[in-house]
*Asks:* 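Handing you a structure now.
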Amino acid sequence: AKTLGRSRYEFFNVELRRRMQRRLRLEQDLRDAVRLGKLWAAYQPVVDLRTNEMVAVEGLLRWTHPVHGAVPPMEFIPLAEESDLINQLGAHVLRITTQELAARRARGIDVDLKINLSTRQLDDPALISDVEHALHTTGLPANALCLEITESALMRDSALASEALAALRELGVRLAIDDFGTGYSSLAQLQRLTLDTLKIDRSFVMRLGESTDAEAIVTSIIAMAHAVHLTVVAEGVETRTQLNLLRDLGCDQAQGYLLGRPRPAAELWS
Ligand code: C2E
Ligand code: CA
Ligand code: CA
Ligand code: CA
């Protein structure tokens, strides 16, 4: 038993060290990728459920690592969030997506842009001027830009974040609460935040048509959002059944693999 314990300990030790080394290497590689402008954005359509038209796209960050290939945002965003890197990365996303979208709008493609903001960016004093600069240099109208912030990031009680949100609203950009349903916000909090859009988390959309509970939850989220005049977007729509149910329940917009996967701008608008 003693030797078993010891070899187990060594196994975990080796495993832990291996993971930490991968992390450290990835973080250094990410730093280089940001500096060299190697990160790019894929765009996923957001469709209006009444007209079936693409009304917006969500810009999603992509990193093609020279050795590991595509590294998912779920892996590298948290890495960036643990360091100052997230702010540079956020500024980069803002720059490239506003540029790409403004270029399409100049060709008559009338779609809005949605991008994700991380918690740390809300505390970054440079955020407001970065947004202002991106709008100014590309000519993208402020109301064509929607910044998505997760429910958990919004519910954090931060004075800096509240100031940033007020300043963003002052600029005229739109604000969305992302991954809604995963936190515990109340109707009162939703109202106080004065947002424009609410995105229902994929975990609820996924179970639509399979569980009556999910349907009840989605119904009440839509009612709650509409009560405070928010546009409701459902994310992660993968089936016809889900799409039809969402439309019947009065959901305004939808996004998901059924309607289009995230793709490079040149492919989406080829
Ligand atoms: P999110 O903001 O909730 O973005 C939606 C995610 O769901 C995207 O994953 C998208 O590809 C995926 N998705 C869309 N439709 C479907 C579907 O029908 N089925 C399934 N299974 N998935 C679907 P992705 O691109 O891997 O991004 C993951 C998360 O990483 C995002 O979740 C967001 O929180 C974060 N992220 C991505 N880009 C950025 C960025 O530029 N800045 C920040 N701060 N976070 C980002
Ligand atoms: Ca999002
Ligand atoms: Ca989301
Ligand atoms: Ca999500």
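In listed order, ligands and their atoms are each counted from 1.
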*Asks:* Consider only side-chain heavy atoms of I, L, V, M, F, W and Y, link residues closer than 4.5 Å, and tell whether Y257 and V57 are in one cluster.
*Replies:* no
*Asks:* Considering only heavy atoms, which of Q255, E238, Q121 lies nearest to atom 19 (N) of ligand 1?
*Replies:* E238
*Asks:* Could you verify whether a donor N or O on one side chain and an acceptor N or O on the other, from Q255 and K199, lie under 3.5 Å apart?
*Replies:* yes
*Asks:* Under 4.0 Å from any heavy atom of P262, which atoms of ligand 1 are there?
*Replies:* 11 (O)
*Asks:* Backbone or side chain, does D178 get an N/O/S atom under 3.0 Å to the Ca ion (ligand 2)?
*Replies:* yes
*Asks:* With only distance considered, is Q44 within less than 3.5 Å of ligand 1 through an N or O on each side?
*Replies:* yes
*Asks:* Does any N or O atom in L61 lie less than 3.5 angstrom from one in ligand 1, N or O only?
*Replies:* yes
*Asks:* Does G236 come within less than 4.0 angstrom of ligand 1, counting non-hydrogen atoms of the residue?
*Replies:* yes
*Asks:* Please determine whether E58 has a backbone or side-chain N, O or S atom lying under 3.0 Å from the Ca ion (ligand 2).
*Replies:* yes
*Asks:* At a 4.0 Å threshold, what atoms of ligand 1 neighbour a non-hydrogen atom of V93?
*Replies:* 41 (O)
*Asks:* If you measure only the distance, is there a donor-acceptor pair under 3.5 Å linking the side chains of D201 and S203?
*Replies:* yes
*Asks:* State, yes or no, whether a side-chain contact exists between N87 and D130 at a heavy-atom distance under 4.5 Å.
*Replies:* no
*Asks:* Which atom, counting only N, O or S, brings E148 closest to the Ca ion (ligand 2)?
*Replies:* OE1
*Asks:* Output yes when the distance from some N or O of ligand 1 to some N or O of N116 is under 3.5 Å, and no in every other case.
*Replies:* yes
*Asks:* Can you tell me if NE2 on H68 sees more than 12 non-hydrogen neighbours from other groups inside 6.0 Å?
*Replies:* yes
*Asks:* Can T197 and R174 be said to form a side chain to side chain contact (heavy atoms under 4.5 Å, CB included), step by step?
*Replies:* CA-CA 8 Å; T197 303; R174 309 251 181 235; 5.7 Å; no
*Asks:* Which heavy-atom pair separates T119 from A153 by the least distance, and what is that distance?
*Replies:* OG1-CB, 3.5 Å
*Asks:* At under 4.0 Å between heavy atoms, is it the side chain or the backbone of R202 that contacts ligand 1, or both, or neither?
*Replies:* side chain
*Asks:* Where does R261 meet ligand 1, judged by heavy-atom distances below 4.0 Å: at the side chain, the backbone, both, or neither?
*Replies:* neither
*Asks:* Side chains of Q189 and S186 only: does a donor on one sit below 3.5 Å from an acceptor on the other?
*Replies:* yes
*Asks:* Within N116, is some N, O or S atom less than 3.0 Å away from the Ca ion (ligand 2)?
*Replies:* yes
*Asks:* Please verify the inter-ring angle class for F76 with W63; under 30° counts as parallel, over 60° as perpendicular, anything in between as tilted.
*Replies:* perpendicular
*Asks:* Quick check on contacts: which atoms of ligand 1 are under 4.0 angstrom from a heavy atom of D179?
*Replies:* 3 (O)
*Asks:* Once you restrict to heavy atoms under 4.0 Å, what part of S118 touches ligand 1? Side chain, backbone, both or neither.
*Replies:* both
*Asks:* Heavy-atom distances under 4.0 Å decide this one: backbone, side chain, both or neither, for K199 against ligand 1?
*Replies:* neither
*Asks:* Between R18 and E15, is there a side-chain N and carboxylate O pair less than 4.0 Å apart?
*Replies:* yes
*Asks:* Under 4.0 Å, counting heavy atoms only: does E81 come that close to any atom of ligand 1?
*Replies:* no
*Asks:* Could you tell me whether a side-chain N or O of D252 sits under 3.5 Å from a main-chain N or O of V233, the two making a donor and an acceptor?
*Replies:* no
*Asks:* Can you name the atoms of ligand 1, numbered from 1 with element, that are less than 4.0 Å from a heavy atom of D178?
*Replies:* 2 (O)
*Asks:* Applying a 4.0 Å heavy-atom criterion (strictly less than), which segment of T150 is in contact with ligand 1: side chain, backbone, both, or neither?
*Replies:* neither
*Asks:* Among M206, E58, R62, which residue places a heavy atom closest to atom 25 (O) of ligand 1?
*Replies:* R62
*Asks:* Within a radius of less than 6.0 Å around NE2 of H133, do more than 12 heavy atoms belonging to other residues, nucleotides or ligands occur?
*Replies:* no
*Asks:* Taking atom CD as the centre, does E75 end up with more than 12 heavy-atom neighbours from other residues, nucleotides or ligands that are less than 6.0 angstrom away?
*Replies:* yes
*Asks:* Which one holds for L258 and ligand 1: side chain close, backbone close, both close, or neither close, with close meaning a heavy atom under 4.0 Å?
*Replies:* neither
